[in-house]
Every structure is written in structure tokens, then in C-alpha cells.
Amino acid sequence: MSKRMTAAKALVKCLELEKITAVFGYPGAAICPFYDELELSDCGIEHILVRHEANAGHAASGMARITGRAAVCVATSGPGATNLITAIATAYMDSIPVVAITGQVCSDQIGKDVFQEADTTGAAEPFVKHSYLIKDANTLPETVKKAFYIASTGRPGPVLLDIPMDVLLSEIDFDEDEYAKPPEIRSYKPSFSGNKLQIKRVVDTISESEKPLICVGGGIFHKDSFILARKMAERADIPVVNTMMGISAFPNEHPLCHGMIGMFGKPVANLAINECDLLILLGARINDRAVLAMQERNLKVIHIDIDPAEIGKNLPASVPVVGDIHAVLEQILEQLPGKRHPDWNGFLSKCESEQNSLKPDVSQTSSVNPKAFIQVLNRLIPGDTVIVADVGQNQIWTANNISLGEGGRFLTSGGMGTMGYSVPAAIGAKKASPEREVIAICGDGSFQMQMMELATAVQHGINVKIIVMANRRLGMVRELQQNRYRGNLTAVFLDGSPDFVKIADAYGINGGYLNDIKNTNQALITLLASKKPYVLQVNVSENEGSVL
């Protein structure tokens, strides 16, 4: 039975029916009708007020990655919407299901360059899976339903809903039963199961291989498909490496796991890539950072991905399989026989043991070695901790050294490499799973792009922990200039940066300093014991390199 209501109220109802519990946003005039109805509603959807629109998108990304379902961010028209585009692009590159809702000027004002008007759908077009400019209020419920369906199915990604203010204020008939029906989109039919003949080819190719290798990417977290990937690896005794986005799919202590590949990856993982006779890509795009680690040679490649455009794009595929990773792995496991590769696995294990025998230099007493710091962190955190790394040297230090147990997750901005991602994404992750420890790790450069979100954490009682690796440099760029530009360091000095613990104190947040590796244990125990947000400033040498 339909009810008469404003489109803005219908939008809130749609979010409720999609089981959305929180939206991250920043209000403005054009989106105020939605905010008015959200406040009047008793639907239980919490609004999390961020301090910058981009961070609404990053927080939604963090929530979506933990829940496995589409999350929602909201901004107003003009600069609100354009600020959100960086976060939309970040979600797009990492295939994260986000529904972004933006206000727009009234329909009769579009194209007249009125106050806070911007062509939001046009500006965001390269960075969305799909977008809608809703001109007819009566189509709003159907369009919202399509947006969530498109964002969450096939290759996940962000969908944009741009809604003029007058459309939100219009009255429509809303029928909850009608909304509950599956959407019909004639031009969108995502693949699900893999082709049966290709599945047989996969099984036969694996059975014939003497040195197979599995590489998992971010897609492996879809429907917890990493559980099936582990079964596959263990049954056929296949070693596993991962892209940066695939970190935490396999526990680090798993005997078949050998870490991250790529230009900043582990030597043993890159060795495995270059020595294997069969590479099995599971939900991994294999971008330029990963391909650079591979030598040109004849190599059989099985590439399984939901997006046919990614298969063979960066690496030729001998056996391509298009389909939902969970469904395809189930199909493979139905036919895959057991097999052992003692020589191959023994070779990689020996190489890894030799690599792990190299101890980090902890002789410096005026700064902290990042690898040694992360190793202490590994011993203290619960196994199901969520670690959110930012972008820069801190990302590489964390990616190569973090060790998460069963249920742990590693999040970062991999494809777009967006600085300022970690704190808002950690806020979203913590909101999604408040019982878990959530820690953001960032550099002093990236932290200054997001430290305003300390207010968001305090206001909404979201108890994230933040570790700032402070080396007073834009470290990754400094290292690049040192190695490739004759040591001509320019625009990388972070002179004038504040004391981050004092900044935290100004927000009412406790914090501490770590200047000597000997004090790491106590510093981290204090951080982890805090029941509220906490900021730990870690002093790192300005000349510390990315590869440790």
C-alpha cells in the first residue's frame, strides 16, 4: 500500500529498507530537505557529521569494506559535491560499494550557474560505476533501488545520486512492497557462475603444474571468498602471495603465505612470481606496481575476475574465467583433486626463512625503526584487529610487516593512493564493527590532511586509535627525489607541523610520544588500553627508506 510523502522522506525510507544504520555526511542548503526528514524520522539511521566531505566518502568506504554491503555518504551541491569526488574516485579504483547522495540546485536553475551549482554527474563520470541525475521525483524510489543493486553486484563500485532540491521537496506515492521487488535493469546483467568448460580447464591446468602460485587481490574479500581460497591452496598445496589490497586474506603465519608482491613487496613473494610456472589470479587486477615485479617470460596465467575488462589488461591470461569469485571458487573446489608440491614449497620456505633472519636496525635511540615498531604491534593487537594504513612510506612499512590473525583486516587506498584516507576509513570501520580494535596508521604529512576528523571521533564516540609516523618529511616523495632526482629535495619538508599529541589534547583526546624503540611495548599497551580515541606520535628518522 502506497503512502503520500515527500521524495526526501521516501529517500530516508529507502535507506531504512536497505538496512542502512549510519550515513556519513556534511549538510548544505540543497540537501537540507533530506536532513530535515532524517532528523524527524524514527528509523534509527545515525548521521555521522564529518569535518570535510571527502572524509564522508572515505568513512563510507571503511564501513562498506568491513560489512561487505554498500554504505552511504551525503554532501550538498557545488563544493560539497566536488569535495566528495576524490572519495568517489578512491572507492572506484578499489571496487568499494558506496552510494553517494548529493544535493543539487533546483531543476529550473540547472545550467544557469547559480549559487553552488556544479555539474556533479559530469564531473564524477570517470570515477563512478554509474550515476543518476534524478529529475522526476516519482522515479526516486526505483532509482535508489537500482543504485544499491549496481553498487553491490558485479564488480562493486560507487554509484552517484544527484538530486535537485525541488525534487526532494516534491510529494510522491511511496510503496514499500513495490520497493522490495528486485530491480530490472535491461542493460546490466552481471556474470555470476564461471563457464563450466573454463572451470575444467582451470582444474586441469592446476593439476599439470609443478610450481603453481596463487595471487589474491582485494576481490577475495567478496562474500568472505578468502575462506574458499584457503581451502583451494591447502588442498592442492599451492603457495600464496598477495597484492597490497589482498593483505590479510591469509594469516601471515599460514605456512603457504609469502606476503606482498610488487615494487615495494617482499623479496620472497617477487621471487615466487618469477619462478612459478602457473600464476592463479583471484580477484586481483595486477596493476603497474605489481607487474613491475614480474620478468618477461612465458607463463601460464589463470585469471578469475568478475570484470571481463580486467582480465588480460595488464597480464595475458591463458585461462580466463569471468564470474563471481565466490561462485567460481566453489565450482573449482567441486572438481579440484589434492596434490603436493614439497620441493616448490620447501624452496620458498627456505628463502623466506633467510629473509626473516635479517633483523631491523634498532641501534638508533633518537628515533624508532618502523619495522621493529610494527613487529611489537603484531604481538600486542588482538587477532581480529582492523589496521587502516594511509598512503606513503607508512603504508609500505605497515603492509610489509603487519601480521594479522584470523578475522583481522588490512585496509588502505591501493588503486588511487589517496592520502588522508586512514582516519575517516577507520572511523567507518569502527562504526561497522565497534567491538573490534581499529587502528589507523599514517604519516605526519597525511595526518594533516585528515586530523580534523578527530572531532568526528569525539562527537560520535567512535574510539579509533591513531598512530602517526612522524619523520618531518613527505617521505615517499623525499625518497623518490633522493633516488631518481640527484638528491634534489624540494617541497618535501614539513617544517611548521604541529605537535600532534597537543593537537589531540585540544580535541580532548589522550596521546603519547614514542622516541625510542625500547619504550614501544609500554606505549602500545597504553594505546590499546584506552577506551577512547588515542593518538600516538612515533618519531621516525627522516632518512628511513620504504623497503626495510
Side-chain angles (χ1 to χ4, degrees), residues 26 49-56 58-59 83 86 364-370 373 377 388-395 397-398 412-413 417-427 430 438-479 481 489-517 519-520 522-524 526-528 530 532-544:
Y26 203 102
L49 177 64
V50 296
R51 286 354 188 222
H52 189 283
E53 291 89 352
N55 295 329
H58 296 327
N83 279 346
T86 295
Q364 288 287 336
T365 57
S366 59
S367 62
V368 176
N369 180 284
F373 174 83
L377 180 67
V388 190
D390 217 278
V391 172
Q393 287 182 314
N394 68 88
Q395 181 186 48
W397 295 331
T398 307
T412 194
S413 169
T418 305
M419 290 176 68
Y421 176 83
S422 61
V423 173
I427 286 172
K430 185 70 172 179
V438 179
I439 302 173
I441 300 178
C442 55
D444 45 354
S446 61
F447 185 59
Q448 291 181 79
M449 293 184 174
Q450 58 193 322
M451 61 189 184
M452 73 289 286
E453 298 309 328
L454 293 176
T456 301
V458 170
Q459 180 179 4
H460 297 281
I462 302 173
N463 299 324
V464 296
K465 312 295 172 57
I466 301 165
I467 296 170
V468 183
M469 299 283 202
N471 60 2
R472 300 158 300 283
R473 300 287 185 272
L474 294 176
M476 187 70 82
V477 184
R478 191 276 307 164
E479 193 172 357
Q481 291 176 349
L489 305 186
T490 178
V492 294
F493 302 98
L494 292 174
D495 300 332
S497 296
D499 181 318
F500 301 115
V501 175
K502 289 182 178 179
I503 288 288
D505 182 63
Y507 284 99
I509 294 174
N510 291 331
Y513 305 93
L514 180 60
N515 299 315
D516 190 328
I517 193 67
N519 301 323
T520 302
Q522 186 55 55
L524 287 174
T526 303
L527 175 140
L528 293 168
S530 175
K532 294 182 178 180
Y534 191 93
V535 173
L536 177 62
Q537 181 173 321
V538 180
N539 180 35
V540 177
S541 169
E542 62 193 42
N543 296 314
E544 194 72 64

Any non-hydrogen side-chain atom of [X] less than 4.5 Å from a side-chain atom of [Y]?
| X | Y | value |
| --- | --- | --- |
| Phe373 | Ile467 | yes |
| Pro498 | Gln448 | yes |
| Asn55 | Ile427 | no |
| Val423 | Met451 | no |
| Arg51 | Leu454 | no |
| Phe447 | Asp390 | no |
| Gln537 | Asn515 | no |
| Trp397 | Val540 | yes |

State whether a side-chain donor-acceptor pair under 3.5 Å links [X] with [Y].
| X | Y | answer |
| --- | --- | --- |
| Glu453 | Thr456 | yes |
| Asp499 | Tyr513 | yes |
| Thr490 | Gln481 | no |
| Gln393 | Glu479 | yes |

Under a 3.5 Å distance rule, please check whether [X] uses its side chain to pair with a backbone N or O of [Y] as donor and acceptor.
| X | Y | value |
| --- | --- | --- |
| Lys430 | Val438 | no |
| Asn394 | Val468 | no |
| Lys465 | Ser530 | yes |

Return the minimal non-hydrogen interatomic distance between [X] and [Y], and the atom names on each side.
| X | Y | result |
| --- | --- | --- |
| Lys532 | Asn463 | CA-OD1, 3.5 Å |
| Val368 | Asp516 | CG2-N, 3.8 Å |
| Ala440 | Ser422 | CB-O, 3.8 Å |
| Pro370 | Met469 | CB-CE, 4.5 Å |
| Leu474 | Ala491 | CD1-O, 3.6 Å |
| His52 | Tyr26 | N-CD1, 4.3 Å |

Once rounded to the nearest 0.5 Å, what's the spacing between atom [atom1] of [X] and atom [atom2] of [Y]?
| X | Y | atom1 | atom2 | result |
| --- | --- | --- | --- | --- |
| Thr412 | Gln395 | OG1 | CD | 3.5 Å |
| Ile439 | Thr398 | CD1 | OG1 | 10.5 Å |
| Asn510 | Asp505 | CG | CG | 7.5 Å |
| Thr520 | Leu514 | OG1 | CG | 4.5 Å |
| Asp444 | Leu494 | CG | CG | 5.0 Å |
| Met419 | Thr86 | CE | OG1 | 13.0 Å |

Please test Glu544 against Asn471 for side-chain contact (heavy atoms from CB on, under 4.5 Å), starting from the C-alpha separation and ending with a verdict.
CA-CA 8 Å; Glu544 194 72 64; Asn471 60 2; 5.8 Å; no

Can you list the residues that meet the salt bridge (Lys or Arg N to Asp or Glu O under 4.0 Å) rule with Arg473, with sequence neighbours excluded?
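Applying salt bridge (Lys or Arg N to Asp or Glu O under 4.0 Å) to Arg473 gives Glu542.
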
Start with the C-alpha gap between Ile441 and Leu377, add the side-chain angles, then the distance that decides, and say whether side-chain contact (heavy atoms from CB on, under 4.5 Å) holds.
CA-CA 11 Å; Ile441 300 178; Leu377 180 67; 4.1 Å; yes

